Protein chains: 2
Amino acid sequence: MMKLLTRDTDYAVRALIFIGKEAKRENRMVTVDEIVRALKLPRALLRKLLQALSKSKILNSGKGKRGGFSLSKDPRKINISDIITIFQGPVDFTNCLLRNAPCPNRKICRVRKKILSLSRYVDSELKKITLASLT
Amino acid sequence: MMKLLTRDTDYAVRALIFIGKEAKRENRMVTVDEIVRALKLPRALLRKLLQALSKSKILNSGKGKRGGFSLSKDPRKINISDIITIFQGPVDFTNCLLRNAPCPNRKICRVRKKILSLSRYVDSELKKITLASLT
DNA sequence: TTATAATGATACTAAAATAGTATCATTAAA
DNA sequence: TTTAATGATACTATTTTAGTATCATTATAA
Ligand code: FES
Ligand code: FES
């Protein structure tokens, strides 16, 4: 089946929504274990995902006791396109290849032109889906 | 990298465009070897793709000498969504899963709702990209 | 009527992307 | 100084994508 979000992205978004909610209520760090309990995601995997979000500056993290994660910015400034970019690369559907080399028709190809504009539209719509709009 | 069309779909579309052009000029069957010469696609793979298009009634085929393929319908009635469906399944981005089981939030999930409407939009746009519009 | 030139069906291998786990290192607080 | 947390990293498994090969069938033409 086709998918726009891979599992990594999907799980990351769910975790971010949860972190956003908790932080709002209590203004503190949220731990991996809390998220695992609430969302039933595989722990080892979730750790990897949150570490990536932290490296990408979407999350702040704190080590040691009382450590955990919190959103590093306003949930209105975090959108699905950003998260996809982290786990799947940029939203770009135009990948016409011929035996792993760029296809020579690229410049003039009408399929490519149409797919490109569609791709841009999708990206712009995904940028409108912010964490705030999901909470 | 993300992709909307896999290689199968991409090659199939190129082949269909070529078949459409040739058939218009000469009203005859086009063989795999002609397409291979013109488009430089791998022969064994192209055979498999055209056989699938034939099974799906997009192409007519003729066996034996003078055999080959031709479009089975008006190029205005063949669109990219159809071709994607054959090689990749239907255009549907909403596949939220939890350890391979459908995610329990599906009914109420706002992410899913937004992705669903985006997915429908993309499909409707892809349906507008017909073979005729590319020739 | 038979050689030939075409597709049909099908089975197979290879490579890449996705999905998921495990472990040791580091750090901050109690 | 123990403990509870994340950081870094290496690893395996599964699924999807990509691609090849071969024998069967059939229509034409010599
Ligand atoms: S055929 Fe390659 S860009 Fe369109
Ligand atoms: S979290 Fe599964 S449908 Fe949204």
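Being a predicted model, the structure only gives us computed values, none of them experimental. Throughout, protein chains are lettered first and strands after them, A, B, ... in sequence-line order, and every chain is numbered starting at 1.
- For residues 5-30 of chain A, no pair satisfies ring-ring contact (aromatic ring centres under 6.0 Å, His included), with sequence neighbours left out.
- Side chains of A:Ser72 and A:Asn60: no donor on one and acceptor on the other come within 3.5 Å.
- Place A:Lys3 and A:Phe69 on DNA chain D by their nearest nucleotides, and A:Phe69 ends up nearer the 5' end.
- Salt-bridge formation is not detected for the pair B:Glu34/B:Arg37: no Lys NZ or Arg NE/NH1/NH2 atom is positioned less than 4.0 Å from an Asp or Glu carboxylate oxygen.
- When atom types are taken as modelled, the side chain of B:Arg106 and the backbone of B:Cys96 share a donor-acceptor pair closer than 3.5 angstrom.
- For DNA chain D, the contact window with chain A, defined by any atom under 4.0 Å from a protein heavy atom, covers D:dT3 to D:dA8 in 5' to 3' order.
- Less than 4.0 Å separates DNA chain D from at least one heavy atom of each of the following residues of residues 43-54 of chain A: A:Arg47, A:Gln51, A:Ser54.
- Going from atom CG of A:Asn95 over to atom C1' of C:dA17 covers 13 Å, rounded to whole Å.
- Listed for the B:Arg110 side chain is a donor-acceptor partner under 3.5 Å among the backbone atoms of A:Ser133.
- Along DNA chain D, the nucleotide nearest B:Tyr11 and the nucleotide nearest B:Asn100 are compared for position; the residue whose nucleotide lies closer to the 5' end is B:Asn100.
- As a whole-Å value, the separation of A:Leu4 CG from C:dT18 P is 12 Å.
- You'll find the side chain of A:Leu4 stays beyond 4.5 Å of the side chain of B:Thr94, heavy atoms only.
- The nearest whole Å value for the distance from the CZ atom in B:Arg7 to the C1' atom in C:dA14 is 13 Å.
- For the pair A:Asp8 and A:Gly64, nearest-nucleotide mapping onto DNA chain C gives the more 5' position to A:Asp8.
- A:Val32 is listed as a side-chain neighbour of A:Phe69, based on a closest heavy-atom distance under 4.5 Å.
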* Step-by-step salt bridge (charged side-chain N to carboxylate O under 4.0 Å, His left out) determination, A:Glu22 to A:Arg28 -> CA-CA 8 Å; A:Glu22 288 300 298; A:Arg28 64 187 175 83; 3.0 Å; yes

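- Toward the 5' end of DNA chain C, the nearer of the two residues A:Arg66 and A:Thr6, judged by each one's closest nucleotide, is A:Thr6.
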